[in-house]
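Here the structure comes first, spelled out in structure tokens, and everything after it is commentary.
Labels below follow one simple rule: chain letters A, B, ... track the order of the sequence lines, proteins then strands, and each chain is numbered from 1. No hydrogens, no waters, no symmetry mates; every other heavy atom, side chains included, goes into these values. No experiment lies behind these values; they were computed from the predicted model shown.
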Amino acid sequence: MVMASKTTVLVIGGGSTGCGIVRDLAMRGIDATLVERGNLTHGTTGRMHGLLHSGGRYAVSDQASARECIEENRVLREIAGHCVEMTGGYFVKRPEDDEAYFQEKLEGCHACDIPADVVSRKELRTDEPYLARDVEKAIRVPDGAIDPFRLCVANAADAEANGARIETHAPVTDVLVEGDRVVGVEVEHDSGPGKRVHRTPGTTEEIRAEYVVNATGAWAGRIGDMAGVDVEVRPSKGVMTIMNVRQVDSVINRCRPKGDADIIVPHETTAILGTTDEEVSDPDDYPEERWEVDLMIDTLSELVPILQEARTIRSFWGVRPLYEPPGTGTTDPTDITRDFFLLDHQERDDLEGFTSIVGGKFTTYRMMAETITDHVCEQLGVSEPCRTAEVALPGSEDLGSLDDHMDSFGLRSPIARRSGQRLGSRAAAVLSGSDPNPVVCDCEAVTRAEVRDAIDGSGSDLNAVRIRTRASMGNCQGGFCCHRLAHELSPRYEEDVVREAWDELVEERWKGERHALWGEQLSQAALNDALWATTMNMDTDPARTGVDVDFAAFDAGEYGFESEGSSGVAADGGTRGDQ
Amino acid sequence: MAISDDVLVIGGGLAGMTAAIAAARGGARVRLLSHKASTLRNASGLIDVLGTDPGGHGPLADPFDGLDALPQEHPYSVLGEQAIREGLALFDDLLGDRYLGAHTDRNALVPTHGGTVKPTARYPAATAPGLASFGTETLLVGFESVTDFDAPLAAAHLETAGVPFEVRGVTLPFPGEFRADARVTRMAHALDEDREVRADGPATGTRATLADRVADHLDGAERVGFPALLGDEHGEEVREELADRLGAEVFEVPMGPPSLPGLRLEDALEAALHEEGVRVESGNPVVGYEGDDRVETVTVERVHREVPYGAEQVILATGGLVGKGIRSSRSGVREPIFGCHVPQPEDRYDWFSDGVFDDQPYARFGLRIDEGCRPLDDREGVEFENLRAVGAVCGGYDSAREKSASGVSLATATVAGRRAAECL
């Protein structure tokens, strides 16, 4: 059966750009629908190092981008305070790094209105004692850390509150073209429509729209193909390696023109090392290799030597949605501009009602969304102005008074503090939602109330719960909490749904942990295996394998029950207790 | 030499403690060194021998039926069936009526806190009434703040797994005032002490209050399963009182860390060590050894100094990857005290498989041993003539997939302990 529906604007892609666009559209009173093939952030947004750029990184090479970054950096601190940690950042110069470049960087920051000052080795190492002894000096800039998951979820939630429709796990299978106009898309709901619930039959839906926005980043070429237009994105992969503690409390950048493995971002309880830049032909299928992980550790150890011995908990790869206009011909992906491009397919390809947005960076997602929403409004004749830079996201309203409320939930202070940081102004409403309210994920201090709130928002998908709460993202990588998270789906969802969601989370956790299998994390993996396979028998669970067990062939005990029979074995298939 | 014994055991888990006892029973003067708390607090307390059919994916009804299909480097293949039987016999003797299952070779199927059943050879008396092979109508009870066990979900899952009985689950508040994230050990102690609980009416004990709350949901069930927190030191008494009050059998479902059945097993074995006259020292790591073909002394790091401990025979029971008897780095896997050979793929990307429950090469990391449990070097020669390895430091088997961890510990420990004593 094919469902049919209508919307004014259809946005494809649930990354930061798509979520930003759908919020902007909804706030301007436009009926909008967002479709995403996986979870929100499934593509590139959920696979980045979480840097809130000051703009310092582009202050020499791309000053236009640098100016946009510092502008949006200030905006996001205001509207998304609960997603941002203003750690500050440094561009650190080692003795072998070029002094002229250091000066250029400093001047570039000043030219772009990025607050920047030089700090001495002594001051630097007081602030960041694990930096190498021989670092020379650094430029201090207002870099920060930002949680891309929370940010996207908050954008999507606010869009919904303003009347938008958000459909995750709904890949686009066709772009509908009539004459020279795009009139909608066909999507394949994994379950539903609506929130994802495992084992609920999916449907095909034809969504007709007055305007379609392709915000699929590295995948924009595929959607373009469906509409019959060429969108030449040049996906470029980068690895990120997560350390189990914060070796640094500020963003540490290596102060040199360009290069792999030149940044460390402290993120929640972890530090994320990044990255590489290598063009790939298929954003869904590229090698994830040992040398890339080794390069992160070995190169960044030049800045922070203890990384060499430190514990990593996983590595992951993301794909940048790089784009350059046809004919530019840049060979090295690190030289491709980070600027974004609005491709109006009417102007470009004589195809009406369809625009793609490509390139760009996470920090300026809101500005990109504003630009494209302005463009769409122009097409639709809507004159409502953009307010996304002024109106705080849900969770970031009135953050000043937050601490006052945190004592009243009976939580131990580290748990209350971290819950409050994640939930922001929603903390009171969320944390009062469960009594008792035990901790479900110890590593990340996530309580039942927060988990259930996430389930309210995302259905039975535990990976969606994970990105909302950070549950299972700490040291044990879910060894102690995957089953607890699954338990929280019950009784709302049936056992078969819970089991499927649970298995999916376990596999997802393993996928990243594989790249960290040595030292402490290999020991952790072996312990998790013992807890899951030995203690719980998840691996040869008859409910999972479908193996028919002859229960009567097993020991039925010598304890208590054997008085009725001689062998103590339930030889009748185990119905004796019913007699 | 200041400190010298007949047999020195390094490591205080199931294998180390059992090996020490086996050696002591062979007439040796035994010292056991343990560094940190043993991994038994992570263990379910079940004694698995071989639970999975090596050829298929189903649970194995008789562990001894699966031995022939094991690879030749498997400790069971090296030591033979008799070693397993000897190990179990020692365990049965040490634990007495606290553990059951010795009446048959067959595995029992025990409900797990993950909601399915698992095959095991020996199980605590507290678990025995819950065996899944027996078709008695069952009620599972979970507690609101115990996130590790969801009774209604486990009941539904057990039905999907095909258990031959009706099973229901109910979630109740645990009697008394606890923090929402109180450890299960706190609840166990409240039951041990039968602490007074003041609800609406007059104060009653924790046990009576719990039984009252469960009774409303009994509805014909003949046995009631709880997460494993029914008392610590007075577990039997707690279970008996609950069973009396409910008029039903009462059992525990084994849980993850901190595992009370694991801790109880540790206590029982510690008492046995004491009884056998084994001297136990804990808190200091063994960091190296002196010797060439023989281990002459092992080096113990005490505060600020290294102390040599001499012994005729040394038993290595430091555990596997979890217990850190096997360590790894990006460049390789090693046994850190004696540098014994650990077979391994050269590239660490060959240490794992892509599916979480696929056959994992890392799970087999550990020392290869001869029939006297002596570690072998890369040319299959003996590493040291007087060093023996027991338990998870041995490799060549996958305890999680096979469900064989305790069986290998007991078999290796018994052989090594006996052989060590014989060599004096």
Interatomic spacing from CD in Q521(A) to CG in L321(B) - rounded to 0.5 Å = 12.0 Å

task = Go through the atoms of A132(B) and report whether side chain, backbone, both or neither lie under 4.5 Å from a heavy atom of chain A.
result = both

request  = Would you mind checking which part of F149(B) comes under 4.5 Å of any heavy atom in chain A, side chain (CB onward), backbone (N, CA, C, O), both or neither?
outcome  = backbone

request  = Pick whichever of D548(A), L527(A), V547(A) has the most heavy-atom pairs under 4.5 Å with chain B.
outcome  = L527(A)

ask   = Does a side-chain heavy-atom distance below 4.5 Å link V322(B) with S523(A)?
value = no

task = Identify which part of D347(B) has an atom lying under 4.5 Å from any heavy atom of chain A, answering side chain, backbone, both or neither.
result = both

key: Test item: side-chain donor near acceptor, H103(B) and D555(A), under 3.5 Å   = yes

task = Please flag which part of D148(B) lies under 4.5 Å from any non-hydrogen atom of chain A: side chain, backbone, both or neither.
result = both

key: R327(B)/E520(A) salt bridge by N-O under 4.0 Å criterion   = no

ask   = Considering only heavy atoms, which portion of A102(B) lies under 4.5 Å from any heavy atom of chain A: side chain, backbone, both, or neither?
value = backbone

message = Tell me if a side-chain donor or acceptor on N537(A) pairs with a main-chain N or O of V117(B) at a distance below 3.5 Å.
response = yes

Heavy-atom contact with chain A under 4.5 Å, split by part of T104(B) = side chain

query = Checking heavy atoms, do the side chain of E508(A), its backbone, both or neither come under 4.5 Å from chain B?
reply = neither

query = Any side-chain heavy atom of E495(A) within less than 4.5 Å of one from E159(B)?
reply = no

Pair D539(A) + K403(B), salt bridge at N-O below 4.0 Å = yes

task = Report the C-alpha distance between D150(B) and H483(A) in whole Å, list the side-chain angles of each, state the deciding distance to 0.1 Å, and finish with yes or no for side chain to side chain donor-acceptor pair (under 3.5 Å).
result = CA-CA 9 Å; D150(B) 184 306; H483(A) 63 289; over 6 Å; no

request  = Hey, can you tell me if W510(A) and Y362(B) have their rings parallel, tilted or perpendicular (30° and 60° cut-offs)?
outcome  = tilted

inquiry  = Tell me whether D529(A) is salt-bridged to R401(B), with the criterion being a basic N under 4.0 Å from an acidic carboxylate O.
reply    = yes

query = Is R290(A) salt-bridged to D350(B), cutoff N-O under 4.0 Å?
reply = no

